[in-house]
Amino acid sequence: MEINWENLPFSYLKTDYNVRTYNRNGKWGELEISSSEYINIHMAATGLHYGQESFEGLKAFMGKDGKVRVFRWEENAKRMQSSAQGIKLAEVPAELFKEAILKAIKLNKRFVPPYGSGASLYIRPLLFGSGAEVGVKPSSEYLFLVFVTPVGPYFKEGFKPVDFLITREFDRAAPLGTGKYKVGGNYAASLIPMEKAHNLGFANVLFLDAKEKKYIDECGPANFFGIKNNTYITPQSSSILPSITNMSLIKLAESFGMKTERRAVPLEELETFDEVGACGTAAVISPIKRIVDDVSNKEYLFGNEPGPISTKLYQKLQRIQTGDEPDEFGWVTIVE
Ligand code: PLP
Ligand code: COI
């Protein structure tokens with residue numbers, strides 16, 4: 001099958017292999033290579049019944065030099081450990097995480113999109129309770145699996161500004177809940193608000209803090225950032241996922257001589273930003289041109305074209321990821 005690399009959507013495409021291993025009696029087994037897209041799981045698995053499940057998302061890029069680079073896998077490994085602690089999953093050691101993602105990439109090298117196509121190889125580690133329980137308790141067995149799939153931009157617009165809907169009707173996660181972990185339940189909770197946003201023509205939902213509805217929280221499947229007065233500002237909140245892209249953009253902004261702030265961002269402050277956007281592995285940077293509040297119908301308008309700082313951040317990040325610029329922060333692992 002011919003793959004049209006330039007027009008790949010962000011969706012699942014079958015590749016050749018995935019890798020898997022089980023944790024039984026507290027010990028991880030050998031990593032197995034599988035060519036099946038299916039898993040055989042017990043009908044009483046805790047991952048199915050009680051949401052004892054976590055996943056990750058990271059990307060690999062083909063360079064001009066023909067080398068494949070993975071971006072900041074160590075951070076994804078750490079975050080999966082944090083998610084594991086958050087919902088009592090068996091933790092995947094960083095070395096096992098690394099071995100699994102590198103193996104999955106190497107075995108599917110023909111699916112790494114070519115340099116210059118704008119596409120990348122999305123790596124999806126998955127960890128869940130696979131053991132049978134009927135009472136609510138952590139599983140005694142876990143499956144850790146990594147598959148890969150080539151993807152294009154998450155928002156079909158790519159690096160073009162999109163519209164977001166503030167919805168006060170729904171919360172994605174509670175302040176002391178699981179929002180800071182990458183667990184499936186958070187995404188299930190976002191499906192209805194997301195559908196509402198899509199039906200009204202918006203790319204996604206901008207959530208407000210669940211407790212007071214005063215502050216900006218998570219931005220669809222991404223973090224929010226705003227730019228003004230040579231400062232990069234992003235919400236501090238206990239219910240958003242600590243984004244590795246956001247963490248990287250903060251470092252890049254600092255390297256451009258900008259100030260950076262991670263703090264509560266009141267909704268009214270939206271009016272004061274020159275540029276706003278969503279950032280994440282899938283979204284990369286998605287500039288935002290319009291935000292509408294679903295209760296007051298108040299509109300916040302930004303440029304119809306990506307702003308200069310968002311553009312500079314986006315280009316710099318992509319150039320580091322593809323190896324066009326030196327890896328001055330030590331973010332890239334070359335897949336040998
Ligand atoms: N927030 C949510 C809810 C996400 O699903 C993601 C994607 O992983 C992010 C933020 C961005 O995180 P990262 O930049 O690590 O991909
Ligand atoms: C990512 O950015 O990697 C995500 O996980 C977002 C979404 C596909 C869940």
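Values reported hereafter were calculated over all heavy atoms of this structure, with side chains retained and with hydrogens, waters and symmetry mates removed. In listed order, ligands and their atoms are each counted from 1. Computed from a prediction, not measured in an experiment: that's the story for all the values here.
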Would [X] and [Y] count as having a side-chain donor-acceptor pair, cut-off 3.5 Å?
X: Ser36; Y: Ser34; result: no
X: Ser310; Y: Glu275; result: yes
X: Glu141; Y: Asn23; result: no

Protein contact to atom 9 (C) of ligand 2 [nearest heavy atom, distance to 0.1 Å]: Tyr187 CE2, 3.6 Å
Tell me, which protein residue and heavy-atom name are nearest atom 2 (O) of ligand 2, and how many Å apart are they? Ala282 N, 2.8 Å
Aromatic ring pairing Trp331/Phe71, orientation class (parallel under 30°, perpendicular over 60°, tilted between): perpendicular
Protein N/O near ligand 1 N/O, under 3.5 Å, which pairs?
| residue | atom | partner | partner atom | Å |
| --- | --- | --- | --- | --- |
| ligand 1 | 1 (N) | Glu218 | OE2 | 2.9 |
| ligand 1 | 5 (O) | Lys182 | NZ | 3.1 |
| ligand 1 | 5 (O) | Tyr187 | OH | 2.5 |
| ligand 1 | 8 (O) | Lys182 | NZ | 2.8 |
| ligand 1 | 12 (O) | Ser243 | OG | 3.4 |
| ligand 1 | 14 (O) | Ser243 | OG | 2.6 |
| ligand 1 | 14 (O) | Ile244 | N | 3.2 |
| ligand 1 | 14 (O) | Thr245 | N | 2.9 |
| ligand 1 | 14 (O) | Thr245 | OG1 | 2.6 |
| ligand 1 | 14 (O) | Thr281 | N | 3.4 |
| ligand 1 | 15 (O) | Arg79 | NH1 | 2.7 |
| ligand 1 | 15 (O) | Arg79 | NH2 | 3.2 |
| ligand 1 | 15 (O) | Ile244 | N | 2.8 |
| ligand 1 | 16 (O) | Thr281 | N | 2.9 |
| ligand 1 | 16 (O) | Thr281 | OG1 | 2.5 |

Polar side-chain atom of Ser83 near backbone of Tyr181 as donor-acceptor pair, under 3.5 Å: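 Checked: no pair found.
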Numbering as shown, the atoms of ligand 2 that approach [X] to under 4.0 Å (heavy-atom distance):
X: Tyr154; value: 8 (C)
X: Tyr122; value: 1 (C), 3 (O), 4 (C), 5 (O)
X: Phe10; value: 8 (C)
X: Pro221; value: 6 (C), 7 (C)

Show the nearest heavy-atom pair for residues Ser11 and Thr149, with the distance to one decimal. O-OG1, 3.7 Å
Min side-chain heavy-atom separation Phe302-Ile291 under 4.5 Å: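 In short, these two side chains touch, coming nearer than 4.5 Å.
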Reported CG-to-CD1 distance for the pair Leu126 and Ile39, which is rounded to 0.5 angstrom: 6.5 Å
Joint hydrophobic cluster, Val332 plus Trp73, side-chain heavy atoms closer than 4.5 Å: no
May I ask you to check whether Lys182 has an N/O atom sitting below 3.5 Å from an N/O atom of ligand 2?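 In this structure, Lys182 places an N or O atom under 3.5 Å from an N or O of ligand 2.
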